[in-house]
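Worksheet for the structure shown next.
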Protein chains: 2
Amino acid sequence: MSRVLAGNPRVHAELRERVLAAVEELNYRPNRVARSLRVQQSSTIGLIISDIQNPFFTSVVRAVEDVAYRHGYSIFLCNSDEDPEKERLYLNLMRDENVGGIIVTPAREKRAALDGDVVAQTPMVMLDRRMVDVEADAVLTDNLEAAHRLVSHLIANGHRRIGAIVGGADITTGRERMEGYVRALQDHGIERTPALAIQVIPKERNGAEAAARLLALP
Amino acid sequence: MSRVLAGNPRVHAELRERVLAAVEELNYRPNRVARSLRVQQSSTIGLIISDIQNPFFTSVVRAVEDVAYRHGYSIFLCNSDEDPEKERLYLNLMRDENVGGIIVTPAREKRAALDGDVVAQTPMVMLDRRMVDVEADAVLTDNLEAAHRLVSHLIANGHRRIGAIVGGADITTGRERMEGYVRALQDHGIERTPALAIQVIPKERNGAEAAARLLALP
DNA sequence: CTGTTAGCGCGTTCAT
DNA sequence: ATGAACGCGCTAACAG
C-alpha cells in the first residue's frame with residue numbers, strides 16, 4: 001500500500017488497482033503525523049515572523065505560503081512580535097516539530113542562546129534581517145546603501161534638516177539604515193542633530209510616536 | 001521519565017531529581033511528533049484564512065496566534081486565497097495533521113465535498129463567514145443589519161444615489177450585506193439602480209476595479 | 001514483484 | 001512507586 005501511494009514503479013498494475021480501489025472504498029488518508037515520525041521530517045516549513053501586522057511581512061507570508069503550496073509544503077506560522085524570548089521558544093518548537101526547514105526574520109541581531117543547536121539540526125534561512133552569530137544563509141537588502149541614497153536624494157533637493165526613524169541598533173535593518181543616514185550627512189558636510197534620529201523597535205505604534213516627537217521639535 | 005515531565009505526582013522526589021538532571025545534561029526535548037501520534041492530537045490549531053493580505057484577516061491571525069501562544073498552542077496557517085479548492089485541500093490536510101481544532105473563514109457558503117467528514121473528526125469553528133451546509137459554531141457579525149444602518153445613514157444625510165461593492169453572492173458576508181443594502185433602499189422608497197451594486201470576490205484588486213467602474217458611471 | 005517485520009518516540013497499561 | 005511492554009501509523013529493509 002505504502003509503495004502504491006508513494007508511486008513506486010515496481011508494483012503490478014493489477015495490485016495497484018486493487019489497492020487504489022480499497023483506498024477509494026475506505027476513503028483512506030495517510031496519517032501525516034505517523035509519516036513524519038517515521039521519516040524524521042515533515043513537509044512543513046516553519047515561518048517565524050517578527051510582526052504579522054506589518055504589511056511587509058504580510059506580503060512575505062503570502063509569497064512563502066504561495067510557493068510552499070505549489071510544492072506540497074505547508075506553513076507553520078509563528079509571530080515573534082519582535083520578542084526574542086518568543087522567537088527562541090518558537091525556534092525550539094519548530095525543531096521539536098520536525099519541520100523541514102525554518103525561515104525567520106530575527107527580532108535581534110544577537111540571538112538568545114538556543115536549547116541545543118537548532119540550526120545544526122534544522123535547515124534555516126534568515127530573511128530581511130540577520131542574526132550575526134548564526135551561520136546560515138540570509139536574503140537581505142542593502143540597507144546602508146538604500147538609506148544613503150534616500151538621504152542623499154533629499155539633500156540634493158535642497159533639504160538640510162533631515163530626520164530619521166529606524167529600527168533599534170540591535171536589529172540589522174535599524175543599525176544599517178542609521179549608518180547610511182549618518183554617512184550621507186557626513187558625505188555632504190551636514191552636521192548631525194542627534195534629536196532628529198530616532199531608533200525604535202519597529203512596530204507601527206512606536207513609529208507613530210517617534211514621528212509625533214519629531215514633528216513637535218522646534 | 002514520561003511521568004516526571006507530565007507532572008505525575010506519584011513519583012519519588014529523588015527519582016524526579018535524577019530524571020531532571022539527566023534531561024538537563026542531555027538537553028533532552030520531547031518529540032512532539034511522536035507525542036502527537038501517540039495521543040492522536042496535537043497542540044496545534046489550523047487557521048485557514050481566505051486572504052492573508054487583507055488587514056482584517058491579519059488582525060484575526062494576530063489575535064488567534066496571541067491567545068494560542070498563551071495557552072501553549074501554535075498555529076498552522078493556511079491561505080486559501082478565496083479558492084474553495086485550496087480550502088478543501090487544507091481542511092483535509094489539517095485533519096491529516098491531527099490538529100486540535102480548525103478555525104476557518106470559508107471561501108464560499110457551499111463547501112466543496114470533503115474527503116470523509118473532516119468536521120466529524122476535528123473540532124471546527126467558522127469565523128466571519130459561514131458554510132451553510134456545515135454544522136459548526138461560528139462567530140459572525142450581523143452583516144445585514146450593519147449594511148442596512150450604513151445605507152440608512154447615507155439616506156438620512158440626503159444621499160439618493162448610493163452604490164455598493166460587496167462580496168460575491170455565494171459568500172455569507174456578500175449576500176447578507178447586499179440584502180441589507182437592498183432592503184434599506186426599499187425601506188426608504190428609493191428605486192434601485194442595478195449597475196450601482198457590484199459583487200466581487202473580496203480581494204483588494206477586485207474592489208479597486210469595481211470602484212473604478214462605479215466612478216466611471218455617468 | 002510482494003508479504004512481513006522492525007522501529008521512529010512517545011503515553012499508557014499491566015505487573016509488580 | 002516504578003519497570004516493562006505495547007501500539008499509535010507509517011516507511012524501509014529484508015526475505016522470499
Side-chain angles (χ1 to χ4, degrees), chain A residues 1-44 46 71-74 76 89 91-101 115-118 120-123, chain B residues 1-44 46 71-74 76 89 91-101 115-118 120-123:
Chain A
M1 192 280 296
S2 190
R3 285 188 273 248
V4 171
L5 293 188
N8 191 319
R10 304 180 334 189
V11 12
H12 242 121
E14 188 257 347
L15 175 57
R16 171 170 18 254
E17 284 315 312
R18 259 171 45 221
V19 170
L20 257 28
V23 164
E24 181 67 25
E25 154 110 16
L26 309 170
N27 58 32
Y28 163 85
R29 314 212 89 230
N31 182 319
R32 292 176 54 104
V33 178
R35 173 170 212 291
S36 175
L37 178 61
R38 175 62 233 238
V39 303
Q40 300 289 26
Q41 257 261 8
S42 81
S43 303
T44 294
H71 292 261
Y73 274 69
S74 37
F76 220 126
L89 186 148
L91 240 18
N92 286 323
L93 179 72
M94 290 303 97
R95 191 256 313 271
D96 300 342
E97 286 278 0
N98 259 333
V99 299
D115 296 358
D117 195 347
V118 172
Q121 295 176 49
T122 309
Chain B
M1 193 281 295
S2 190
R3 285 189 273 248
V4 170
L5 292 188
N8 190 319
R10 310 190 318 199
V11 18
H12 242 120
E14 188 257 347
L15 176 56
R16 174 174 10 258
E17 283 316 312
R18 258 169 47 220
V19 170
L20 257 27
V23 164
E24 180 68 24
E25 156 108 17
L26 309 169
N27 58 33
Y28 163 85
R29 316 211 88 230
N31 182 319
R32 293 177 52 106
V33 178
R35 175 171 210 290
S36 174
L37 178 61
R38 174 61 234 236
V39 303
Q40 301 288 28
Q41 258 261 9
S42 83
S43 303
T44 295
H71 292 261
Y73 274 69
S74 36
F76 220 126
L89 185 148
L91 240 17
N92 285 323
L93 180 73
M94 290 302 99
R95 191 256 312 274
D96 300 342
E97 286 278 1
N98 259 332
V99 298
D115 296 359
D117 196 346
V118 172
Q121 295 176 50
T122 310

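These numbers come from the heavy atoms of this one structure, side chains and all, not from hydrogens, waters or symmetry mates.
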Fill in the blank from the handout: For nucleotides 5-12 of chain D, 5' to 3', base contacts (B), sugar-phosphate-only contacts (S) and non-contacts (-) with protein non-hydrogen atoms under 4.0 Å give --BBBBBS
Could you state the [atom1]-[atom2] distance from [X] to [N], rounded to the nearest angstrom?
X     : N      : atom1 : atom2 : answer
A:N98 : C:dC10 : CG    : P     : 11 Å
A:R10 : D:dC14 : CZ    : C1'   : 13 Å
B:L5  : D:dT2  : CG    : P     : 14 Å

Problem - A:R29 side chain reached by B:R95 side chain, heavy atoms, under 4.5 Å - result: yes
Practice task
Working to the nearest 0.5 Å, report the span between CG of B:N98 and CD of B:Q41.
Solution key: 7.5 Å
Practice task
State the NE2-CD distance between B:H12 and B:E17, to the nearest 0.5 angstrom.
Solution key: 12.0 Å
Practice task
Quick one: closest heavy-atom pair of A:N8 and A:R16, and the distance?
Solution key: O-NH1, 3.9 Å
Problem - Salt-bridge contact B:D96-A:R32 (side-chain N to carboxylate O under 4.0 Å) - result: no
